[in-house]
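Accompanying notes for the structure given below.
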Protein chains: 2
Amino acid sequence: MPLRAHDLEQIRSLPLFADASDETFGQLTASAFLQRFRAGATLLTEGDPVDFLYILLDGIVELSGTWNDKETTLAVLRPVSTFILAAVILDADALMGAETLEASTILMLPGEALRRAARTDPLFSMAVAQELSGCYRGLVRTIKNQKLRGGAERLANYLLSQQAHQGGRETFTLPHEKRVLAALLGMTPENLSRAFANLSDYGVVVNGPAVTLGRPGLIRRLAKPSPLIDNHMPLDGTVVGKAERELWPTAQLMRARG
Amino acid sequence: MPLRAHDLEQIRSLPLFADASDETFGQLTASAFLQRFRAGATLLTEGDPVDFLYILLDGIVELSGTWNDKETTLAVLRPVSTFILAAVILDADALMGAETLEASTILMLPGEALRRAARTDPLFSMAVAQELSGCYRGLVRTIKNQKLRGGAERLANYLLSQQAHQGGRETFTLPHEKRVLAALLGMTPENLSRAFANLSDYGVVVNGPAVTLGRPGLIRRLAKPSPLIDNHMPLDGTVVGKAERELWPTAQLMRARG
DNA sequence: GCCATAGCTTGACGCATGTCAACGCCGGCC
DNA sequence: GGCCGGCGTTGACATGCGTCAAGCTATGGC
């Protein structure tokens with residue numbers, strides 16, 4: 001699929017490309033193309049050489065890692081997210097697999113063009129460095145979340161952040177199937193059920209995909225959310241400045257499963 | 001402490017600075033300075049604004065994360081390693097604490113100078129992006145190691161990689177106290193003891209800090225080392241090319257503790 | 001309306017790991 | 001020499017989590 005003017009505008013407005021020169025942007029997009037994938041399609045297998053930077057424009061994709069017949073979910077991405085930037089920059093093999101959870105449309109940007117652009121356009125490569133920094137810090141948060149909190153605490157924090165994303169209403173709806181949520185939070189579906197059951201003591205009521213936090217104070221006291229672990233979205237519509245750019249870089253949701 | 005010619009040469013030869021223009025390098029080092037810290041010194045506290053890029057030239061430093069009175073070790077660094085590059089690039093607060101485990105000498109490079117250099121010198125900011133990519137992939141490996149392997153398996157793989165680093169001899173010596181090693185591997189000291197005990201069935205003999213792997217085939221069959229998780233050092237002395245640059249970026253050792 | 005299937009939940013069980021306490025070893029210090 | 005404190009090990013115990021099995025509900029096809 002060729003790119004349309006509308007797509008180009010959308011890409012151009014991403015933090016990663018906003019500062020690039022027109023020339024750089026032109027060279028980058030000249031060799032790029034859009035591709036549509038069905039649900040469950042494998043985009044990348046662990047160990048494969050990575051030839052493209054992927055930019056998820058629509059749909060959902062899961063990043064995973066495997067070893068010895070075990071699999072773990074490293075992240076679940078929603079639009080607009082770039083992924084495997086690090087592998088592209090280093091021209092290295094993929095450390096994670098990628099597959100679509102829903103039908104998705106993805107922009108594919110040849111790696112060689114991206115590396116060439118980064119080597120010549122300092123503002124673009126600075127943007128690349130900022131994007132990578134955001135991803136790195138996302139992983140640091142993930143590890144801290146994973147190692148320092150128990151299952152119920154991870155779930156509680158997830159619910160609080162979801163609530164914030166959806167406008168802070170008392171009742172909101174889970175964006176994924178519970179099986180996917182469990183993987184995201186680093187537990188089995190069975191344990192997610194139990195974790196929800198435990199949280200009922202804290203005013204959490206679950207009705208299918210609908211969740212209501214009946215006692216915000218109580219659940220917050222359990223969750224103890226921290227800006228050093230959880231990425232908080234600004235509640236009002238204020239424009240984010242440079243320092244907050246890392247807040248919502250490429251991958252908003254990052255958790256691991258055992 | 002001012003920088004000496006010898007220090008400058010050493011810095012200049014790091015991958016991060018090797019491609020920078022002389023002008024960039026001069027501007028960067030003009031405002032840099034060396035500092036010596038005693039063992040146990042706190043370099044950075046979680047949440048602090050980060051004003052410098054740190055480059056560990058001698059000694060050992062530990063990176064940690066905390067939440068709710070619990071602490072976890074995110075990495076143990078040895079020379080020559082840079083750290084908190086991502087926070088510097090984004091001019092953001094530190095997500096991890098840093099403290100010296102031994103007396104250390106550290107080069108401190110003002111963040112503003114680094115960001116300015118990255119915005120103007122494309123080859124330097126490309127090197128920054130490559131360094132960050134290596135760090136990012138290191139964290140991905142850490143998470144996979146942590147979530148996919150059990151304690152004994154993590155230890156087995158650590159021993160194999162240590163053995164390789166030390167020339168592949170049957171007997172080698174642990175580079176850290178066992179308490180630090182336990183933190184590195186994401187377990188308690190008690191469990192590290194038990195893990196060592198379990199590995200005796202696989203030909204692993206421990207004598208204080210000396211470890212000998214009596215049955216390499218057996219321990220390898222348990223460890224199942226993978227290039228997608230473990231960073232293998234080249235056994236021979238071949239010069240590493242661009243693709244392998246990520247192999248030994250800033251932080252070689254990254255594990256987390258619960 | 002009936003059945004099949006998938007997603008979710010619940011219970012029972014076992015394993016891995018954290019916690020707490022006691023002990024031995026060793027090195028430093030008085 | 002004797003005391004002391006840090007490190008490492010070992011055991012008993014509790015807990016969190018994964019695994020397996022069964023059942024429950026909703027949805028879709030016939």
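To find a chain, count down the sequence lines: A is the first, B the second, and so on, and within it residues start at 1.
Residues forming a side chain to side chain contact (heavy atoms under 4.5 Å, CB included) with N157(A) (at least two apart in sequence, or on another chain): R149(A), A223(A), P225(A), D230(A). Under the rule for a side chain to side chain contact (heavy atoms under 4.5 Å, CB included), the partners of Q166(A) that lie at least two apart in sequence or sit in another chain are Q162(A), R169(A), F172(A), T173(A).
Between the CD atom of E71(A) and the C1' atom of dG18(D) there is a distance of 16 Å, given to the nearest Å. In this entry the distance linking CG of N207(A) with P of dT9(C) reads 11 Å, nearest Å. The distance between atom CG of L174(A) and atom P of dC8(C), rounded to the nearest whole Å, is 10 Å. dT19(D) atom P lies 13 Å from atom CG of D69(A), rounded to whole Å. Spacing between atom CE of M187(B) and atom P of dT9(D) amounts to 12 Å, rounded to whole angstrom units. Atom CG in N198(B) sits roughly 12 Å away from atom P in dG11(D) (whole-Å rounding). When the P atom of dA6(C) is taken as reference, atom CD of E177(A) falls 12 Å away, rounded to whole Å. One atom, CD of Q146(B), and another, C1' of dT17(C), lie 12 Å apart when rounded to the nearest Å.
Of the side-chain N and O atoms in N191(B), none sit less than 4.0 angstrom from OP1 or OP2 of dT17(C).
With distances taken from any side-chain atom of S193(B) to the nucleotides dT10(D), dG18(D), dC8(C), the minimum falls on dT10(D). The listed nucleotides are dG8(D), dT19(D), dT10(D); the one nearest the side chain of R194(B) is dT10(D). For R179(A), the listed nucleotide lying nearest its side chain is dC8(C); candidates were dT10(D), dC8(C), dT19(D). Which of dA21(C), dG18(D), dG8(D) sits closest to the side chain of E190(B) comes down to dA21(C). You'll find that the side chain of K178(A) is closest to dC8(C), out of dA21(D), dT19(C), dC8(C).
Between the side chain of K178(B) and the backbone N or O of L192(B) there is no donor-acceptor pair closer than 3.5 Å. In this structure a side-chain-to-backbone donor-acceptor pair under 3.5 Å is present from K70(A) to L148(B). Side-chain atoms of T188(B) come within 3.5 Å of backbone N or O of N191(B) as a donor-acceptor pair.
Residue-level contact check: G208(B) touches neither bases nor backbone, having no heavy atom under 4.0 Å from any strand. G151(B) comes within 4.0 angstrom of the backbone, heavy atoms only, and of no base.
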